[in-house]
Amino acid sequence: MALYADLHRHLGGALHPRIIYKFLQRQDHHILSYFPDYDGFYSWFTRPCRTLEEFVKIHTLVEELQSLEHLPYFCLRLCRGAYTFENLQYLELRYNPYFRTDKNLSTAKRIGQMKLIVETITANLRPADYPIIVKQIVMLDRRLPLEINEAILQVAKDHIGPVVGIDIGGPEIEPGKYEVWVELLAKGRANGLKTTCHLGETSLANVHEQYFPVLDRIGHGIHIPLLKPEMLSELAKRQITLEVCPTSYRQTGVLKDLGDLRSVFSRCREAGVAIAVCTDNPGRNPAPCTLPGEYERLIDHDVIEFSDLKQIQNEAFRSAFGFVGSSRG
Ligand SMILES: [Zn+2]
């Protein structure tokens, strides 16, 4: 049995919609007044969005459900699903700890609660019956003030071990502010954290070459090979891997057809830039969206050949932030 590694998956988008729906039923959640049956909820939850902003709105709803009290419920379910249905040997799970703190608290108290969020997630990502290795990437967010992002970086530094890296997420707003993000990523790196950043997902607007010296990987970055392939040699030189999440681009309205990824893969291959195929938010995609399913869809759309699979799978293990040992693929 081949075993896989997924390097880009959000805690807020990792869960099957049925798990979320059952949770909402248990809580007698008010949102169920809009969705008296599962089918209606499923269609709403997994529908393609026109823009990334629209997609992120539903994400926010799930983040709010994943409060301190309920994190164990969600963590167990996502680990056992990833191991049982996707044959994942290794998973890097990313989340913003601040968005899971209690909204009724003051900012200072919410910042203080982030430690508990990370510790609760850490304690619940080691399910005894499912021998999957799960490491964490802690996310900063473009919508949050610097003070909170610095506190998120601090909590990541304080939990190196279970936390292996940092990422920057949120809608691709204020592209001119890149110096702030570059500095935060550099600080993370100087403190032993690996770095990735959501860049070049919907356009080239927030891609600045100043990011490259402080990044180990790029979340998506597909608009670099699509629109500015001359930048690829710099990525190759710095051994920066692109995390490419095929179905996600249809769900967020970025690509109309997965065949559009053909030039992404061929240009990266020519330039010597590694690609790790990942799932991003598999629970938000029409089921079944699994990592092996993403490989299959890429072959279906003539983006890759079956014979490329082994190398792409190896690339994911090689680009992992916290994987030691050998893949059992
Ligand atoms: Zn993402």
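As the structure lists them, so they are numbered: ligands from 1, and atoms in each ligand from 1.
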Go through the side-chain N and O atoms of Thr241 and Glu315 and say whether any donor and acceptor fall under 3.5 Å apart.
-> no
Is a side-chain donor or acceptor of Tyr38 paired with a backbone partner of Arg18 at a separation under 3.5 angstrom?
-> yes
Any N, O or S atom of His198 closer than 2.8 Å to the Zn ion (ligand 1) = yes
What N/O/S atom of Asp280 is the closest to the Zn ion (ligand 1)?
-> OD1
Of all N, O or S atoms in His10, identify the one at the shortest distance from the Zn ion (ligand 1).
-> NE2
Do the side chains of Leu215 and Phe321 join up, straight or via other hydrophobic residues, at under 4.5 Å, putting them in one cluster?
-> no
Is it possible for you to say whether Val180 and Leu199 belong to one hydrophobic cluster, with membership spreading through side-chain heavy-atom contacts below 4.5 Å?
-> yes
